[in-house]
Amino acid sequence: MSQQSFMNRRALLKTFGLGAVGLAVGSQLGTGMRASAQDAAPAARASAFYTQMIGDLELTVIQEAKIGLDASLFGLNAEAGAAAALLTENNLPSPAIDSTVNISLIRSGDRLALVDAGLGDFPFPGSSANRLIPTLALLGIAPTDITDLIITHFHPDHLGGISSMDGVVAFPNAVHHIHSVELNFLKNTSGTPLDDFINAANGRLQPIEAASQLQTFEADAELLPGVFAVHTPGHTPGHIALRLSSGDAQAMATLDVANHVVLALSRPDWYFGFDADPAAAVETRKSVFGMLADEKIQVVGYHFPFPGVGMIARDGEGFRYFGA
Ligand SMILES: [Zn+2]
């Protein structure tokens, strides 16, 4: 993996304006865009998919992207190097983390919904992205077939793919659902280190709003039959997970309640660099994964190794994941 193919924490925070230092963010982003455009060029190909039933709900997970992160993004409240050491202890590469973006496609009756849309053409250094639409084509699904798009939060690896950089709506027949708390935050927050993410998100939402395809929902809403929004704050103010329920079958798509299958589950108390309110994120992580472990509910992890579908067990103060 080349030096450019993943970002260390300092570069990442600089690039997206999350660092404490006010840098020339535009030029940093420009550098990232060039690097990523080169990386992404051969990536407009189909990727992997995985399908299973949850009662009458059909869940298909599509690998939209692979992204590079650095261990130093994890354990911000731990000793320096602790996350890298935990990766090494688990025989995983360190400190460069090869992460994944798993998009859920849910068929519920005559509705066909995507849960987020991945990076799309959003420039993210080290990414190999934009594989959602070619993979849907493998499944015989055109973008116009998607009836609903559920936006779980505003980060670019989740809503980058809802529209293109030049403002074309990716799923022209889809109602786009967003939590009122998240939209309110996006519309009314500026002058914070998150400005670049917020501006990028508002830019991607603009053509959806212009086409009157954006609808807000409140916590606990049933977004389509058997699919419920669960407010899971911390990563972002309006972050949602999704509870999937059909007959006796249940699963939960946890999205960014946990951002790494080992680091976030073994040490749910560790702060993560992209959590807006890390203390709240810790509480949410412990309670969601505790519930999944105790109630033996299947998990669908957005950033877990593809397809990220499995079971959770308690392990000391943390948790372990078993692919199923
Ligand atoms: Zn994410």
Side-chain angles (χ1 to χ4, degrees), residues 6-7 9 12-13 15-18 32 36 47 61-74 76 83 97-105 114-132 149-162 178-179 182 185-186 194 196-198 200-201 204-205 229-242 252-265 268 270-278 280-282 284-285 288-289 299-309 321:
F6 72 94
M7 300 191 78
R9 177 171 167 248
L12 195 58
L13 297 183
T15 296
F16 295 116
L18 297 171
S36 181
S47 183
V61 180
I62 293 171
Q63 187 173 44
E64 193 267 344
K66 298 201 90 174
I67 55 177
L69 296 175
D70 190 274
S72 59
L73 277 164
F74 293 84
L76 301 190
I97 295 172
D98 193 17
S99 187
T100 187
V101 169
N102 300 326
I103 307 283
S104 290
L105 171 74
L114 286 169
V115 180
D116 291 329
L119 280 159
D121 64 3
F122 187 91
F124 191 100
S127 74
S128 167
N130 222 355
R131 296 184 172 211
L132 177 58
L149 200 152
I150 300 167
I151 297 167
T152 66
H153 65 289
F154 73 88
H155 287 171
D157 54 322
H158 296 257
L159 62 57
I162 63 173
I178 189 166
H179 189 190
E182 197 77 345
F185 173 78
L186 280 179
L194 288 170
D196 289 308
F197 269 13
I198 290 172
R204 295 292 167 136
L205 284 168
V230 182
H231 189 191
T232 41
H235 187 61
T236 66
H239 183 277
I240 60 150
L242 290 170
M252 184 176 243
T254 52
L255 283 300
D256 284 16
V257 174
N259 278 273
H260 189 272
V261 72
V262 169
L263 300 177
L265 293 188
W270 275 0
Y271 288 4
F272 175 55
F274 283 129
D275 287 341
D277 180 343
V282 165
T284 294
R285 198 148 46 237
V288 165
F289 283 91
V299 67
V300 184
Y302 194 84
H303 295 297
F304 291 2
F306 176 82
V309 181
Y321 162 86

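Here the structure is a predicted model, which means the values were calculated and not measured. Whatever order the structure lists ligands and atoms in, that order sets their numbers, starting from 1.
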For this session: Measure from the Zn ion (ligand 1) to every N/O/S atom of Asp256 and report the name of the nearest one.
Result: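 For Asp256, the N/O/S atom sitting closest to the Zn ion (ligand 1) is OD2.
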
Problem set entry | Identity of the N, O or S atom of Asp157 lying closest to the Zn ion (ligand 1) |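 That would be atom OD2.
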
Problem set entry | Reported OG-to-CZ distance for the pair Ser47 and Arg131, which is rounded to 0.5 angstrom |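 The distance works out to 5.0 Å.
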
Are [X] and [Y], when compared by the centres of their aromatic rings, separated by less than 6.0 Å?
X      : Y      : value
Phe74  : Tyr271 : no
His231 : His179 : yes
His155 : His239 : no

Problem set entry | Angle subtended at the Zn ion (ligand 1) by NE2 of His158 and NE2 of His303, nearest 10° |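 Once rounded, the angle between the two atoms at the Zn ion (ligand 1) is 120°.
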
